[in-house]
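In what follows, every heavy atom counts, from backbone to side chain, and hydrogens, waters and symmetry copies are set aside. The chains referred to below are lettered A, B, ... by the order of the sequence lines, with proteins before strands, and numbering in each begins at 1.
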Protein chains: 2
Amino acid sequence: MESLDDDTRTFILHFGEMGSHWGINRTVGQVYALLYLAEKPLCADDIVAALGVSRSNVSMSLKELQAWRLVKLQHLSGDRRDFFSTPDDVWEIARTLIEERRKRELDPTLSVLRDLMLRSDEQDESHSQQRIREMHDLLEQSMRWSDDLLRLNPSTLKQVIRLGDGVRKLVDFGNRKT
Amino acid sequence: MESLDDDTRTFILHFGEMGSHWGINRTVGQVYALLYLAEKPLCADDIVAALGVSRSNVSMSLKELQAWRLVKLQHLSGDRRDFFSTPDDVWEIARTLIEERRKRELDPTLSVLRDLMLRSDEQDESHSQQRIREMHDLLEQSMRWSDDLLRLNPSTLKQVIRLGDGVRKLVDFGNRKT
DNA sequence: CATTATTTTCAGTAATTACTGAAATTACGG
DNA sequence: CCGTAATTTCAGTAATTACTGAAAATAATG
């Protein structure tokens, strides 16, 4: 950690601390941050050297980051070690993050809500049944929407994001059309 | 917990378990779920009775949920106890959740990235400086966009979400116009 | 197929986070 | 103000999660 320059260290430490808010632990956050800034792919021992954590901790952290599809493994010619890096395009990174979070945070909930709705009585809907349906519909709608957005290619997505306030005008226009 | 009907219990237990993914603890998740389904506002002892956790735990959990603006405190006439409930409109709930998560997860990061960029050399941008700037720009853009979306009134927002795939067509149209 | 480099697993331990019960504080009603 | 109902705080403890070192597994090389 001492061998890193000030800005890099600040960045890495911040990602470690934010880890808790993001549902990952400190080391995982730091490993990701290090790889994100790295100019070239790093091997596990590079990470051990940079962060000063145990080799096994790095191994587990890399495994978790791979499960998140946030780092990719690659091999350098004439070297049998595994090297790791993050994708170059930050938009692609964001997309992966959103997809994976959805998978972990939203999908299981939607599945439970669906089950609960199946058991519910169509005719005489109780208050909690109604509440469950409202949450279900909201989640389903939001997910359909984010699916549509994520399906856009990066450059179209960038355009949508850049629209900003223009979204409002487009909606108004869309309404007038129907 | 035994006094609750099956579906309610399933719902509450699920929210307790999901808590870890969402950065809140089990009890906080359960308290929220209970209040979300409840027909009327509940007081702390109602929650203790329903969930079987300690009074102090309920107190702390309610405090956290209030900090998240996910439950509101109210008083019933002729009763000096505090009662709690969740907003009726699920879209309002979603908006609050997004705003609060942004505040906790994104704002601090954006602030660190801004600081790091200030120190950076405009002329001769190093690889990590460039990487930091890319992440900063992405976050800033996304936040501006979500701000714009959240500023829409609920019914317009619902329309945007319902647009779904139509977003693509609207963007195409927007492009043709400029 | 033996050697060596590399990665993974996992039991034990350290660190952190969640929860409780008791005591302190607040605030209402007489 | 006094008494009481209600809530909050907090020190201690329980439960969970993170991390390490050593041992096991995997895989490349001659």
Look at [X] together with [Y] and state whether they make a salt bridge at an N to O cut-off of under 4.0 Å.
X: B:Asp6; Y: B:Arg9; answer: yes
X: A:Asp148; Y: A:Arg151; answer: yes
X: A:Arg133; Y: A:Asp137; answer: yes

Handout entry: Bend angle of the helix from C:dC1-D:dG30 to C:dG30-D:dC1, from helix axes over five pairs at each end, nearest 10°
Key = 30°
Practice task
Using a heavy-atom cut-off of under 4.0 Å over every strand shown, decide if B:Asp45 touches base, sugar-phosphate, or nothing.
Solution key: nothing
Exercise for the section: Would you classify A:Arg80 as touching base, sugar-phosphate or nothing, given that sugar-phosphate means primed atoms plus P, OP1 and OP2, and contacts are heavy atoms under 4.0 Å? Expected result: base
Completion exercise
The complete set of salt bridge (Lys or Arg N to Asp or Glu O under 4.0 Å) pairs with one or both residues in residues 26-51 of chain B, sequence neighbours excluded, reads none
Problem - Pairs satisfying salt bridge (Lys or Arg N to Asp or Glu O under 4.0 Å), at least one member in residues 53-70 of chain B, at least two apart - result: B:Arg69-B:Glu99, B:Arg69-B:Glu100
Completion exercise
5'-most to 3'-most nt of DNA chain D touching chain A (<4.0 Å, heavy-atom partner on protein side) reads D:dA18 to D:dA28
Completion exercise
The side-chain contact (heavy atoms from CB on, under 4.5 Å) partners of A:Ser56 (sequence neighbours excluded) come to A:Ser54
Fill in the blank from the handout: The side-chain contact (heavy atoms from CB on, under 4.5 Å) partners of B:Ser20 (sequence neighbours excluded) come to none
Practice task
Go through residues 48-77 of chain A and report each residue with a non-hydrogen atom lying under 4.0 Å from DNA chain D, sorted by number.
Solution key: A:Val53, A:Ser54, A:Ser56, A:Asn57, A:Met60
Completion exercise
Numerically ordered, the residues 16-33 of chain A set in heavy-atom contact under 4.0 Å with DNA chain D is A:Asn25, A:Arg26, A:Thr27
Handout entry: With B:Asp5 via salt bridge (Lys or Arg N to Asp or Glu O under 4.0 Å) - residues at least two apart
Key = none
Problem - ring-ring contact (aromatic ring centres under 6.0 Å, His included) partners for B:Tyr32, two or more places apart - result: none
Handout entry: Under the side chain to side chain donor-acceptor pair (under 3.5 Å) test, residues paired with B:Gln66 that sit two or more places apart
Key = none
Practice task
Identify the heavy atoms of B:Met135 and A:Val90 that sit nearest to each other, and give their distance.
Solution key: N-CG1, 4.4 Å
Exercise for the section: If a pair satisfies side-chain hydrogen bond (donor to acceptor under 3.5 Å, both in side chains) and one of its residues is in residues 76-85 of chain B, list it, with sequence neighbours excluded. Expected result: B:Gln74-B:Ser85, B:His75-B:Asp82, B:Asp79-B:Arg81
Handout entry: Close side-chain approach of B:Leu35 and B:Leu62, heavy atoms under 4.5 Å
Key = yes
